[in-house]
Amino acid sequence: MEVKTDKNYDFDEIESKWQAFWERNKTFRAGSAISKNKPKFYCIEMFPYPSGNIHMGHVRNYAIGDAVARFKRLKGYSVLHPIGFDSFGLPAENAAIKNKTDPAEWTENNIYSMTTQLKRLGFSYDWDRSVVTSDSSYYKWEQLFFLQMLKKGLVYKKISNVNWCESCHTTLANEQVEGGKCWRCGNDATIKNMEQWFFKITAYAEELLEDIDGLKGWPDKVKTMQRNWIGRSSGLSIFFKIAEDSPEEGVEQNDNVIEIFTTRADTIFGATFIAISPSHLLAKKLIKSPEGQVELEKMIHNSLISKDIAEKKGFFTGSYVINSFTGKKIPVYVANFVLTDYGTGAIMSVPAHDGRDYEFAKKYDIEIIKVIKPEKGQGDNLPYTSYGELINSGDFNGFSSGEAIEKICAFAEDTGIGKRVINYRLKDWGVSRQRYWGCPIPVVYCEKCGTVPLNESDLPLVLPRNVIFDDVGISSLEKTESFINAECPECGGWARRETDTMDTFVESSWYFLRYTLADRTERVPFKREDIEKWLPVDRYIGGVEHAVMHLLYSRFFVKALRDLNYFKMNEPFENLLTQGMVVKNGAKMSKSKGNVIDPDELIKKFGADTVRLFVLFAAPPEKDLEWNDSSVEGAYRFINKFYRTVTSCADSFCDTEKDFKITAEDEINQNVKKIIYKLGRIIEKAEKEMEGRYHFNTIISSSMELLNDFNDFTAESIRDKIVLNKADKYLLKYLINSIILILYPFIPHVCSEAFEIINRENMNLEKTLWPEVKDTGYSPEECNIAVQVNGKMRDLITSSINLDDEDLLKIALNSSKVRKYVTDESMIKKTIYVKNKLLNIVI
Ligand code: ANZ
Ligand code: ZN
């Protein structure tokens, strides 16, 4: 083989050479025979919607995942690293309406061009496992799950108020309404009354919440968002008798009572009015005047066009209820800030101790009674919303809030005026969409038999092609006669097909299960043994914008499929990494801001490795990445230097034996020892980072430093005519190979080339290649370091030279003299480090 020397780095040639090599050899195919005995590692990035173009955010997401996957392969893992396309959804349909193209064709074209782009970036995917969710071979199984969940009562239909986007002409799940606006187009979401299909995610509310604690590898912020979204609160539901009616004993919820939900039973003596939502079922009945009825209509209308409740508004109904605890009559108001679909849609208002109630009471001049005495040190201002000691509360005076809640709940249950309840903010997941480009819902409506599910053997129910697209606001499926007309599976008579399709979040709730199936001609969605082998996903990487929707739905789906006996697993994602955004001039890259950098252009100019190196080097994954042209050039220059170093030293090392054994007789050059020692520390550090923290930038910069050391050393040995023996050369070759392998997860093309140049053979990933640390008997020089805490000298410690601040801090914290002041590591605000001299710990 010809060894190339001193050749300029030709990324086009090198990158296409290795991409072709990988494809030809199916290098990244998961689960080959040899890898059977290896430990598994399942790594995925959130799969893209095929919009047509890869953007910088994708590149970052996939470069992170690829680095992790490639590292794990070097470490001897059998890695599953697939990609697919989340290909149902609105843009295809909008393009169809605008350009009269077929959504299927549009999607296929986009998938084709994005696949080309992904391959051009050299990501190590097992392409044979790819999924395209708009293929009937994929959504067929989703339809099957739908039918099975329907049978189990996990899917149901009901008329409900749904969030509606007029401009997208579709319903939106609660999670898809952000600040009252449609998450896709940003137009105001409104409310509409429609019959809808729902997944009963609330059946799993408790489990979804409890299992969050076990998600040790998830970022806290995502866990908090899910907890808040599920929003469990335990409290008391109380029945307030309506004053005019003569209520029977032992009231239950009926027309004579208003049921409220409170988490602050301790404040019941301060409840001076009841507030109900405008859509409350009793509203019309409670309102005594015609003006009130008009007022109500107005408020309902307003709540439909805007969910903004910043300004508290309402009116008195004319009715009263009895507060059973005080025996007093209190007025009932309709109030815009009471939510219809939370709790019971009615509240007892305690203006002294609740902010919204206070604002409302001030505005409408309603009595305010203080019933909680603030704890010491807390101000006396109203509203006082925290806990304290009860006052003005009859028999309950003197108790703490906690005690009083217990006693009042018990009292309410004993006397039948209330019951303890647990409420969740989480609502069932409405999945009906009035769109064409989605998975058809496999049911028909028969005049005789009603709503009838299709037979499982009739699946897939294929989405028809060649439908009419126009902007008239009904779904294209509704206009497609051949689709609508169906035969009833029960009576064989005429039936009308469901024309709603499923929310695209259904497809993304189980694609990571489908990836595990190697042979797609198999007539199963996935196999139990594959699920058991590969799942849970060891590392899932994606944007934090999916913290509630996708990540919660997927958890639900896995639990539901588990209960359908598909497998035993409880949770799909063991470790989650949410990467930051790519921003330019402080703003997220977007067409509307005109600050988009096109990955294709960069690749053309600098090559894929440069683009990958830049996105990994410029910021730790969880942080936002600020675009910087000169850092891109910096990455390019580094790769050039790396390549030149490798090509120019190849001749000196190529013939060094692979299995050379250093013996005691070998005298190793002191500088070689030093550099090998440094390498050892970097291998250890890199390994640690690659196993979880993923601060790739520190690995990359240490490798850069090491490469410089190596170049300096070579220059010196040439200048000083130093003769290197076999052992030296062996170690230097090991050094260069180690740098190649450490960098391989980030810049795989040039590293594959470099490996070939140095070793005259291809990298074989079936072997465990990650470099082992070699000990040459060298121990670094030592120095004395002054350790200060908040600027005061506390100890003088001895350490090896050139440690970084992290390592040094560990040593410093072992000193009892320092520990006296820094009892807990969480106290540390920052450290100031003067290399080899001083460490100041600021607490
Ligand atoms: C009396 C009270 C006194 C309350 C007090 C709070 C403070 P979470 O924790 O979110 O469950 N609430 C109940 N249903 C509501 C609805 N449909 N719309 C708006 N607010 C509603 O909140 C429970 C509290 O939120 C309940 O406790 C109720 O107000 C209010 F000093 O009842 B509270
Ligand atoms: Zn029928």
Side-chain angles (χ1 to χ4, degrees), residues 161 174 191 202 205-206 209 224 227-240 253 258-283 299 303 307-314 321 323-326 330 332-362 366-375 378 381-393 396 400-402 404-405 408-409 412 417-427:
N161 273 336
N174 285 334
I191 292 192
T202 54
E206 194 61 46
L209 182 68
T224 304
R227 282 194 191 100
N228 291 342
W229 191 264
I230 296 168
R232 179 188 200 272
S233 54
S234 71
L236 182 65
S237 132
I238 311 178
F239 308 109
F240 282 80
Q253 188 181 20
I258 298 175
E259 183 183 359
I260 65 94
F261 171 69
T262 180
T263 48
R264 291 294 305 269
D266 56 323
T267 64
I268 186 145
F269 285 81
T272 54
F273 65 103
I274 294 290
I276 63 173
S277 88
S279 311
H280 195 279
L281 288 172
L282 294 178
M299 236 167 122
S303 75
K307 287 196 169 175
D308 182 15
I309 47 167
E311 192 196 344
K312 314 275 169 296
K313 277 189 210 153
V321 295
N323 181 339
S324 313
F325 282 80
T326 60
I330 57 172
V332 179
Y333 279 75
V334 175
N336 68 342
F337 66 86
V338 182
L339 309 169
T340 309
D341 53 3
Y342 184 66
T344 61
I347 64 172
M348 67 175 202
S349 291
V350 185
H353 303 294
D354 179 272
R356 291 170 304 181
D357 299 349
Y358 183 80
E359 197 185 322
F360 196 88
K362 279 279 175 205
I366 308 170
E367 192 184 7
I368 298 174
I369 303 175
K370 206 171 138 181
V371 292
I372 305 289
K373 197 169 100 191
E375 269 155 15
Q378 305 256 21
N381 294 339
L382 288 186
Y384 173 73
T385 59
S386 187
Y387 297 114
E389 181 192 313
L390 269 70
I391 50 172
N392 299 327
S393 298
F396 300 97
S400 71
S401 287
I405 288 176
I408 289 171
C409 285
I417 55 171
K419 56 177 194 249
R420 288 177 223 247
V421 289
I422 288 167
N423 259 310
Y424 297 94
R425 284 207 177 265
L426 183 69
K427 294 278 154 297

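Both counts, for ligands and for their atoms, begin at 1 and track the order of listing. The basis for the numbers below is simple: all heavy atoms, side chains too, and nothing from hydrogens, waters or symmetry mates.
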* At what distance, to the nearest 0.5 angstrom, does CD1 of Ile368 lie from CG of Asp357? -> 10.0 Å
* To do: Name the orientation class of the two ring planes belonging to Phe396 and Phe269 (parallel below 30°, tilted from 30 to 60°, perpendicular beyond 60°).
  => tilted
* Starting from atom 27 (O) of ligand 1, locate the nearest protein heavy atom and write down its residue, its atom name and how far away it is, to 0.1 Å. => Thr263 N, 3.1 Å
* To do: Find the distance between CG (Asp266) and CG (Leu390) and round it off to the nearest 0.5 Å.
  => 5.5 Å
* To do: Determine, counting only non-hydrogen atoms of the protein, whether one lies under 4.0 angstrom from atom 29 (O) of ligand 1.
  => no
* **Nearest atoms (heavy-atom pairs only) where Arg264 meets Ser386** => NH2-O, 3.4 Å
* To do: Among all protein heavy atoms, pick the one closest to atom 20 (N) of ligand 1 and tell me residue, atom and distance.
  => Arg356 NH2, 3.5 Å
* How far is atom 19 (C) of ligand 1 from its nearest protein heavy atom, and which residue and atom name does that atom have? -> Phe337 O, 3.6 Å
* To do: Say whether Ser233 and ligand 1 are in contact under the criterion: heavy-atom distance to a ligand atom below 4.0 Å.
  => yes
* Asked: Of all heavy-atom pairs between Thr267 and His353, which one has the smallest distance, and what is that distance?
  -> CG2-CB, 4.3 Å
* Structure fact -> Restricting to heavy atoms, the pick from Asp341, Ile347, Asn228, Thr262 nearest atom 4 (C) of ligand 1 would be Thr262
* Asked: Rounded to the nearest 0.5 Å, how far does CG of Asp354 lie from CE of Met348?
  -> 9.5 Å
* Considering only heavy atoms of Met348, which atoms of ligand 1 have at least one such atom less than 4.0 Å away? -> 1 (C), 32 (O)
* To do: Heavy-atom contacts with His353 under 4.0 Å: which atoms of ligand 1 show up? List them by number with element.
  => 5 (C), 7 (C), 31 (F)
* Check the angle between the aromatic planes of Phe360 and Phe337 and answer parallel, tilted or perpendicular using the 30° and 60° thresholds. => perpendicular
* Structure fact -> Counting from 1 in the order shown, the ligand 1 atoms closer than 4.0 Å to a non-hydrogen atom of Arg264 are 2 (C), 3 (C), 5 (C), 6 (C), 7 (C)
* **Heavy-atom nearest neighbour in the protein, as seen from atom 6 (C) of ligand 1, with distance rounded to 0.1 Å** => Asp354 OD2, 3.5 Å
* **Distance in Å, Ile258 CD1 paired with Thr344 OG1, rounded so as to fall on 0.5 Å steps** => 9.5 Å
* **Spatial distance of atom CD1 (Ile422) from atom CZ (Arg232) [nearest 0.5 Å]** => 3.5 Å
* How does Thr267 reach ligand 1, if at all, at less than 4.0 Å between non-hydrogen atoms: by side chain, backbone, both, or neither? -> side chain
* Among all protein non-hydrogen atoms, which one is nearest to atom 10 (O) of ligand 1, and what is the separation to 0.1 Å? -> Arg425 NH2, 2.6 Å
* Structure fact -> protein heavy-atom neighbour closest to atom 16 (C) of ligand 1 works out as Leu339 N, 3.6 Å
* Structure fact -> Taking only non-hydrogen atoms of Val338 and a 4.0 Å limit, the atoms of ligand 1 in range are 16 (C), 17 (N), 18 (N), 19 (C)
